Amino acid sequence: MTCRQWTAVGQVEVDVPAANVDSGDGSDSVTEAEGQTKDCVCSQQGRAEINRLLEENRLLRAQLQKTELNETFLKDNTEKVSYYTGLHCYAVLMSLFNTVKDFLPISKTLTGFQMLLLTLMRLRLDLPVQHLCHLFDVSHKTLSSVFTDTIDVLYARLGALVHWPERHCLQATMPPQFTETFGKRVAIIVDCFEIRTERPSNLKARAQTYSHYKGTHTIKYLIGITPHGAISFISRGWGGRASDKHIIERCGILQKLLPGDVVLADRGFDIRDAVGMMCAEVKIPAFTKGYCQLDARDVEQTRAIAHLRIHVERVIGSLRNKFKMLHTTMPV
């Protein structure tokens with residue numbers, strides 16, 4: 001293709017080849033621009049997909065943390081803490097954990113908090129061991145070992161909380177109902193409670209643990225509370241065959257009594273002589289002693305003792321309701 005060009009001198013028409021307007025340079029620039037546009041679109045789409053995946057990952061992590069049995073699972077949720085552990089709130093749970101964490105066993109699969117939570121959940125809810133194994137992703141052997149070790153740590157660190165208060169502390173907090181009937185002399189209200197156990201294979205242990213009252217094999221504990229309801233004494237375990245009198249005479253509670261103290265007990269605690277040796281007094285509901293009925297004075301005193309002594313049974317009932325494991329049959 002040519003174009004005509006006129007010279008300034010002779011005005012001669014000359015055919016000169018025209019420049020190619022469809023040259024390769026223009027085509028390449030267009031292609032390059034289109035490619036950059038496509039790359040930009042792909043980059044934007046990629047960034048959008050990455051952001052979507054990051055957000056999805058964040059949400060999944062948040063959901064996972066809510067289901068994992070750790071501090072986050074219970075934090076700021078009093079209802080969960082109460083249901084799974086029996087404690088009042090998260091602050092109490094963390095205070096308990098801080099008290100025992102340095103003494104808990106080392107585990108490759110569980111944190112210290114999970115060990116404590118596992119133990120409290122088993123005590124509180126009496127969940128099957130296999131179910132707890134699935135929840136915490138541990139073997140049966142590991143869970144049993146952790147539970148036993150944590151119970152030992154809790155006993156060692158918290159056992160001192162069950163203590164016998166000084167007399168002046170008892171008198172300062174004596175409820176009016178006790179003051180009206182016995183003055184400020186009541187030191188403790190006692191009763192026994194039993195926990196069912198498996199039938200021992202050893203014949204002697206089988207005889208010692210059989211409770212005629214429960215009709216099965218049990219372990220028996222003496223528990224004592226102060227007039228305002230705090231647990232102040234728990235004995236070691238005895239076979240269910242042991243009588244209330246036998247336990248109270250040998251568990252060490254008599255040595256804690258002071259002259260003038262009053263002990264409230266049920267009829268099964270025939271311990272007047274043993275308590276009298278400590279210059280203290282035991283109050284139990286009166287017997288009919290072969291008569292058809294009690295006289296008016298004994299009726300009033302029996303009613304007063306029964307009304308006040310019922311508090312220890314309420315404490316025992318509260319323990320059983322709070323920690324479901326106490327309802328089940330304990331392995332030997």
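Because only heavy atoms are used, hydrogens play no part in the values below, and waters and symmetry mates are left out as well, while side chains stay in. All values derive from a computational prediction rather than experimental measurement. For the single chain, residues carry numbers from 1 onward in sequence order.
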Would you verify whether the NZ or CZ of K245 falls within 45 degrees of the ring axis of F269 while also being under 6.0 Å from that six-membered ring's centre? no

So, the side chain of [X] versus the backbone of [Y]: is there a donor-acceptor pair under 3.5 Å, distance only?
X    : Y    : answer
K220 : A242 : yes
T179 : P175 : yes
E180 : Q177 : no
R196 : T216 : no
D266 : G268 : no

Using the rule that Ile, Leu, Val, Met, Phe, Trp and Tyr join whenever any side-chain heavy atoms are under 4.5 Å apart, tell me whether L258 and F233 fall into a single cluster. no

Could you check whether any side-chain heavy atom of [X] comes within less than 4.5 Å of a side-chain heavy atom of [Y], counting everything from C-beta outward?
X    : Y    : value
L93  : L120 : yes
E49  : L53  : yes
T150 : L118 : no
L116 : L154 : yes
S235 : I253 : no
T218 : T209 : no
T109 : D137 : no
L319 : I223 : yes

Is the [atom1] atom of [X] crowded by more than 12 outside heavy atoms at less than 6.0 Å?
X    : atom1 : result
L54  : CG    : yes
E166 : CD    : no
R199 : CZ    : no
M277 : CE    : no
D273 : CG    : no

Under the side-chain hydrogen bond (donor to acceptor under 3.5 Å, both in side chains) test, which residues partner [X], sequence neighbours left out?
X    : result
D261 : R167
H246 : R250
R47  : S43
K283 : E281

Can you list every pair that meets ring-ring contact (aromatic ring centres under 6.0 Å, His included) and has a residue in residues 173-200, with sequence neighbours left out? F193-Y221

Going by the ring-ring contact (aromatic ring centres under 6.0 Å, His included) test, which pairs reach into residues 312-332, not counting sequence neighbours? none

If the condition is side-chain contact (heavy atoms from CB on, under 4.5 Å), which residues does [X] pass it with, not counting sequence neighbours?
X    : answer
N98  : K101
Y210 : H212, H217
H140 : V129, Q130, C133, S144
D152 : T148

Could you check whether E55 pairs with R58 (Lys NZ or Arg NE/NH1/NH2 to Asp/Glu carboxylate O, under 4.0 Å)? yes

For a quick test of your reading: what N or O donor-acceptor pairs under 3.5 Å do the side chains of residues 307-316 make, sequence neighbours left out?
from : atom 1 : to   : atom 2 : distance (Å)
R309 : NH2    : E313 : OE2    : 2.3

Say whether T142 and S139, considering side chains only, have a donor N or O and an acceptor N or O under 3.5 Å apart. yes

Determine which pairs satisfy side-chain hydrogen bond (donor to acceptor under 3.5 Å, both in side chains) with at least one residue from residues 81-90, sequence neighbours left out, and list them in order. none

Under the side chain to side chain contact (heavy atoms under 4.5 Å, CB included) test against I248, which residue among D270, V282, I271 passes? I271

